[in-house]
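The block underneath contains the structure these notes are about, expressed in structure tokens.
Throughout, residue positions are numbered sequentially from 1 according to the sequence presented. When reading the values below, keep in mind they use all heavy atoms of this one structure, side chains included, and skip hydrogens, waters and symmetry mates.
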Amino acid sequence: MRGILQADAAAAASAYLAWWDLAGVDCATAEEPVDWLRPAAPAQPAAPAIQAPQQEKPASLEGFHDWLANDPHQPERRWPGAPILPQGKAQASLMVVTDMPDPADMTAGTLLADRAGQLFDAMLAAIGLVRADIYLASLFLSRPPGGMVEAADLGAAAGRMRTQVALAAPRRLLILGDRTVRTLLPPPNSMTGEGARMIEDLQFFNHDGGNVPAFATFHPRLLLGQPAAKAECWRTLQRLIEEE
């Protein structure tokens with residue numbers, strides 16, 4: 001019985017719609033009448049976007065650090081945790097750039113802490129350096145939720161890193177990790193994934209004042225999980241020494 005009633009209801013609905021279709025009602029209507037023959041009103045031009053005033057870039061490394069710490073427009077102001085500022089002095093023999101603090105770094109208040117930091121210190125020792133000899137910075141000063149950043153934030157971070165490298169004026173640049181490489185070095189000189197081989201040839205990172213020799217290798221956090229990649233990392237460090 002239910003099947004017969006459903007079939008009768010469907011037939012009645014089809015007949016009802018067909019009647020309105022024959023009457024010329026082929027689209028949804030409203031209670032108020034519409035003059036379909038009236039020409040459409042011309043579209044109003046969109047209001048011009050109001051751009052934020054361009055701020056002058058700091059002219060010194062100390063001023064740049066102060067700008068990072070206090071400027072309210074930095075993307076890190078939207079994220080939890082205190083920012084971790086760059087460490088080191090200008091004109092260091094080596095500047096190291098990572099992507100962002102790890103959770104352990106946010107707890108310690110310094111970049112490359114915990115086990116990844118121990119491995120990083122061993123990498124420096126292998127080329128005869130300690131942290132006091134280098135300038136250490138990150139694309140982002142704190143860690144966003146889930147470690148995910150928007151494309152616009154990556155572009156802003158790359159722009160301010162070009163200024164930072166120009167002011168720090170290091171002799172060489174070491175870039176750690178897939179995300180940092182893809183952000184700072186143009187394709188095709190980038191990794192396609194964390195397990196891919198890093199670029200081998202010497203690159204030059206273009207900054208606001210010229211360029212600097214740049215090398216790229218795996219982030220220590222990846223080396224902890226993939227010890228086989230340490231051999232490739234060591235070859236990169238050897239090339240860095242040879243360039244010096």
Side-chain angles (χ1 to χ4, degrees), residues 61-62 64-90 92 94-127 129-150 153-154 156-165 167-168 170 172-185 191 193-195 198 205 214-227 229-230 233 236-237:
L61 189 60
E62 182 180 2
F64 185 86
H65 287 180
D66 182 71
W67 175 68
L68 288 178
N70 300 305
D71 180 60
H73 302 293
Q74 303 295 343
E76 293 85 355
R77 300 299 179 268
R78 309 193 308 266
W79 307 336
I84 300 177
L85 296 177
Q87 299 172 337
K89 298 181 180 180
L94 179 66
M95 177 175 177
V96 180
V97 181
T98 182
D99 54 354
M100 65 177 61
D102 285 334
D105 302 344
M106 296 298 297
T107 301
T110 185
L111 292 173
L112 295 168
D114 202 47
R115 294 178 59 218
Q118 295 173 9
L119 180 54
F120 175 68
D121 290 337
M123 292 166 58
L124 290 179
I127 56 176
L129 296 174
V130 296
R131 292 204 187 203
D133 300 324
I134 69 169
Y135 182 92
L136 178 60
S138 56
L139 280 175
F140 295 101
L141 310 177
S142 60
R143 187 173 184 83
M148 303 298 293
V149 295
E150 300 176 2
D153 290 337
L154 282 173
R160 72 182 183 185
M161 183 57 68
R162 285 191 291 270
T163 300
Q164 185 170 187
V165 173
L167 295 174
R172 294 163 297 167
L173 192 64
L174 179 62
I175 303 174
L176 300 179
D178 174 81
R179 176 160 40 191
T180 323
V181 172
R182 287 186 285 108
T183 302
L184 297 181
L185 294 180
M191 295 189 298
E194 286 190 330
M198 296 296 298
F205 175 71
F215 301 82
T217 192
F218 300 104
H219 195 287
R221 77 169 75 95
L222 181 136
L223 297 176
L224 290 173
Q226 300 185 23
K230 291 182 179 180
C233 178
T236 300
L237 296 177

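- With D133 contributing its side chain and V130 its backbone, the two residues share a donor-acceptor pair below 3.5 Å.
- Other residues, nucleotides and ligands place more than 12 heavy atoms under 6.0 Å from the CZ atom of R77.
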D153 vs W79, side-chain contact (heavy atoms from CB on, under 4.5 Å): CA-CA, chis, key distance, verdict: CA-CA 12 Å; D153 290 337; W79 307 336; 4.0 Å; yes

Checking side-chain contact (heavy atoms from CB on, under 4.5 Å) for the pair Q87/L111: CA distance, chi angles, key distance, verdict? CA-CA 9 Å; Q87 299 172 337; L111 292 173; 5.5 Å; no

Using the rule given for side-chain contact (heavy atoms from CB on, under 4.5 Å), can you reason through L176 versus L112, listing the C-alpha separation, both sets of side-chain angles and the distance that settles it, and then say yes or no? CA-CA 11 Å; L176 300 179; L112 295 168; 4.3 Å; yes

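- The two residues M123 and T217 have their closest heavy-atom pair at CE-CG2, 4.4 Å.
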Under the side-chain contact (heavy atoms from CB on, under 4.5 Å) criterion, do T107 and D114 qualify, and how do the steps go? CA-CA 10 Å; T107 301; D114 202 47; over 6 Å; no

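- Of all heavy-atom pairs between P86 and A137, the closest is CB-CB, 4.0 Å.
- Closest heavy-atom contact between T183 and A158: CG2-CB, 3.8 Å.
- Nearest approach of C233 to L223, heavy atoms of both residues: SG-CD1, 3.9 Å.
- Using a 4.5 Å heavy-atom threshold, the side chains of M161 and I175 count as separate.
- To the nearest 0.5 Å, atom CD of residue Q118 and atom CG of residue D121 are 8.0 Å apart.
- Although no hydrogens or angles enter the test, the distance criterion places a donor-acceptor pair under 3.5 Å between the side chain of E76 and the main chain of L141.
- Using a 4.0 Å cut-off between charged nitrogen and carboxylate oxygen, D71 and R160 do not count as a salt-bridge pair.
- Judged by distance alone, the side chain of R143 and the main-chain N or O of P101 form a donor-acceptor pair under 3.5 Å.
- Taking the side chain as every heavy atom from C-beta outward, D102 and H219 approach each other to under 4.5 Å.
- A pairwise comparison of heavy atoms in M95 and A168 identifies SD-CB, 4.2 Å as the closest pair.
- With hydrogens and angles disregarded, no donor-acceptor distance shorter than 3.5 Å links the side chain of T98 to the backbone of S138.
- Looking at D105, its side chain does come within 3.5 Å of a backbone N or O of A113 through a donor-acceptor pair.
- Distance CZ/F120 to CG/L174: 7.0 Å, rounded to 0.5 Å.
- The CG atom of L61 sits 11.5 Å away from the CG atom of D66 when rounded to the nearest 0.5 Å.
- Considering only heavy atoms from C-beta on, P80 stays 4.5 Å or farther from M106 through its side chain.
- Nearest approach of L139 to V97, heavy atoms of both residues: N-CG1, 4.4 Å.
- Remark: T180 OG1 to F140 CZ distance equals 9.5 Å, nearest 0.5 Å.
- Put simply, OG1 on T163 and CH2 on W67 are 7.0 Å apart, with the number rounded to the nearest 0.5 Å.
- Atom CG of L94 sits about 9.5 Å away from atom CZ of F215, to the nearest 0.5 Å.
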